[in-house]
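A quick write-up on the structure given underneath.
Each chain gets a letter, A, B and so on, in the order the sequences are listed, and its residues count up from 1. Computed over heavy atoms, backbone and side chain alike; hydrogens, waters and symmetry mates excluded. Because the structure is predicted, anything quoted here is derived from the model rather than measured.
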Number of protein chains: 2
Amino acid sequence: MQRVKLDKIDRRILRDLQEDGRMTNVELARRAGISAPPCLRRVRALEETGFIQGYHADVDAQALGYNVTVFAMVGLASQAEHDLRAFEARAANWPEVRECHMVAGEMDFLLKIVSHSWDEYQKFLTTQLTVAENVNHVKSALSIRTAKNMPGVPIDIDAED
Amino acid sequence: MQRVKLDKIDRRILRDLQEDGRMTNVELARRAGISAPPCLRRVRALEETGFIQGYHADVDAQALGYNVTVFAMVGLASQAEHDLRAFEARAANWPEVRECHMVAGEMDFLLKIVSHSWDEYQKFLTTQLTVAENVNHVKSALSIRTAKNMPGVPIDIDAED
DNA sequence: AGTGAAATTGGTCGCCA
DNA sequence: TGGCGACCAATTTCACT
């Protein structure tokens, strides 16, 4: 990743685009206090240096029938690097697994999984996850309701970094 | 939420916009196999009915100095609805808490928290989270590395629903 | 609800300060 | 770097089907 420092204008652009990814460049420029062309150049630079990794529509999961979100805490039998990578590769290929984090502590991986129903999740659990190679134990935490779900990170315009 | 059924074109639009939120309407229309105006009408309808809840730039957290992601599993002393809501309201006001899920099982809430460093997280933990009213115990799971992080849900173009 | 053309707006480039 | 003007592409509205 680039070690280039961002100025206040860059941070403002990042913050605004994180909040509204479809904001027009002219509006973005207006808020940043500069004109459109340099603003667009900054956005392109932020994209090319990887500060902005992409843009995504935030789709309502429930409206699409994904009523169930489960956090699965997975323990593996072997924590050798090769085996960890193998599990990560498997997780990457399961479409219902949206996030896969390797964590420190009692478990090895924390997965965020979406499903249409508890039954469908159980089926995934029993036919895919628990029977996968090297998987030792799985503890499922069903999300009853999501009180907060903010994408991205807090961006402070006035920062030293 | 609207109980309106989506056709294949709508699902295709949702899928494409979830993958690339800045795709132009003409490109979107081209992929969906219709012309631009009706495509735009569909997008607006999807936005107004809440299927699309917004658009966000995917900002690289590490590049912005957020090197630490922690999942905090929180147990409360009282699970009365009023007390649950009070905790959710508190979580909503902590900017470093990006997600707050009420879960079934041994713990009550699962929080996804971003921080610049482990020290900063510890400070948040000891001065904000553990001392908050009704909080009984907190177990922190530090994310060592993120193997997968896909926003949204899998969208199958050919579905009955 | 989709099409095609028209008008308005925004994105993008070259050049200059 | 940022700003200005020009051109091109995209968005958006309208009349028609």
Side-chain angles (χ1 to χ4, degrees), chain A residues 1-60 63-64 152 155-161, chain B residues 1-60 63-65 155-161:
Chain A
M1 192 49 49
Q2 300 291 110
R3 303 266 100 253
V4 195
K5 287 190 188 299
L6 304 174
D7 59 14
K8 298 194 182 196
I9 296 179
D10 289 317
R11 277 194 291 269
R12 180 123 211 174
I13 289 172
L14 284 175
R15 188 162 72 70
D16 288 345
L17 279 180
Q18 185 176 261
E19 189 159 324
D20 177 8
R22 290 216 101 172
M23 186 177 292
T24 65
N25 184 56
V26 288
E27 173 68 6
L28 206 59
R30 199 188 57 73
R31 292 184 185 225
I34 57 177
S35 64
C39 183
L40 185 62
R41 266 179 286 173
R42 282 171 180 267
V43 172
R44 292 283 173 268
L46 290 169
E47 288 168 357
E48 272 154 36
T49 53
F51 281 95
I52 296 176
Q53 303 193 316
Y55 302 88
H56 305 281
D58 182 11
V59 173
D60 185 342
L64 274 154
I155 298 179
D156 184 16
I157 308 293
D158 306 306
E160 2 265 291
D161 180 45
Chain B
M1 191 50 49
Q2 300 292 109
R3 302 266 102 253
V4 196
K5 288 191 184 302
L6 303 174
D7 59 14
K8 298 194 182 197
I9 296 179
D10 289 318
R11 276 194 290 270
R12 189 144 214 328
I13 290 173
L14 282 175
R15 189 163 72 70
D16 288 345
L17 278 180
Q18 185 175 265
E19 188 157 327
D20 178 8
R22 288 215 101 171
M23 186 177 292
T24 65
N25 184 56
V26 288
E27 173 69 6
L28 208 57
R30 197 187 60 73
R31 294 185 184 222
I34 57 177
S35 62
C39 184
L40 185 62
R41 275 201 298 254
R42 282 170 180 268
V43 172
R44 294 282 175 267
L46 290 169
E47 289 167 356
E48 271 154 35
T49 53
F51 281 96
I52 296 177
Q53 303 193 315
Y55 303 88
H56 306 281
D58 182 10
V59 173
D60 186 341
L64 273 152
I155 297 180
D156 184 16
I157 308 293
D158 305 307
E160 5 263 289
D161 181 41

Expected list for residues 31-40 of chain A near DNA chain C, using heavy atoms below 4.0 Å, is A:Pro37, A:Leu40
Between B:Gly21 and B:Tyr55, the two heavy atoms sitting closest are O-CD2, 3.8 Å
When rounded to the nearest 0.5 Å, the distance separating CD1 of B:Ile52 from NE2 of A:His56 is 14.0 Å
Side chains of B:Leu17 and B:Leu46 in contact at under 4.5 Å (non-hydrogen atoms) = no
message = Using atom C1' in both nucleotides, what's the gap between C:dA17 and D:dC7 to the nearest angstrom?
response = 22 Å
Contact span of DNA chain D against chain B, any nucleotide atom under 4.0 Å from a heavy atom, 5' to 3', runs D:dA10 to D:dT13
Rounded to the nearest 0.5 angstrom, the CZ-CG distance for A:Arg15 and B:Leu64 is 12.5 Å
To the nearest angstrom, the CG-C1' distance between B:Asp10 and C:dG2 comes to 14 Å
When rounded to whole Å, the CG to P distance for the pair B:Asp7 and C:dA1 reads 10 Å
All stems that DNA chain D takes part in, i.e. 3 or more consecutive Watson-Crick or G-U pairs with distances under 3.5 Å, are C:1-10 with D:8-17, C:12-17 with D:1-6
Whole-Å distance, B:Arg30 CZ to C:dG2 C1', equals 19 Å
Of B:Ile9 and B:Arg22, the one whose nearest nucleotide on DNA chain C sits closer to the 5' end is B:Ile9
Nearest heavy-atom approach of A:Arg12 to A:Ile157 is CA-CD1, 3.5 Å
From CG of B:Asn25 across to C1' of C:dG11 the rounded distance in Å is 15 Å
Interatomic distance, CZ@B:Arg22 vs CE@A:Met23, rounded to 0.5 Å, equals 9.0 Å
Residues A:Leu6 and A:Arg11: closest non-hydrogen pair is O-NH1, 3.2 Å
Closest non-hydrogen contact found for B:Ala32 with B:Ile13 is CB-CG1, 4.4 Å
Pair A:Asp7, A:Arg42 - check salt bridge (charged side-chain N to carboxylate O under 4.0 Å, His left out), show working. CA-CA 11 Å; A:Asp7 59 14; A:Arg42 282 171 180 267; 3.0 Å; yes
All heavy atoms of B:Cys39 vs all of B:Asn25, minimum pair found to be SG-OD1, 3.6 Å
When every non-hydrogen atom of A:Gly50 is compared with those of B:Asp60, the smallest separation belongs to O-CB, 3.4 Å
Return no unless some side-chain N or O of B:Arg42 is found under 4.0 Å from OP1 or OP2 of C:dG2. yes
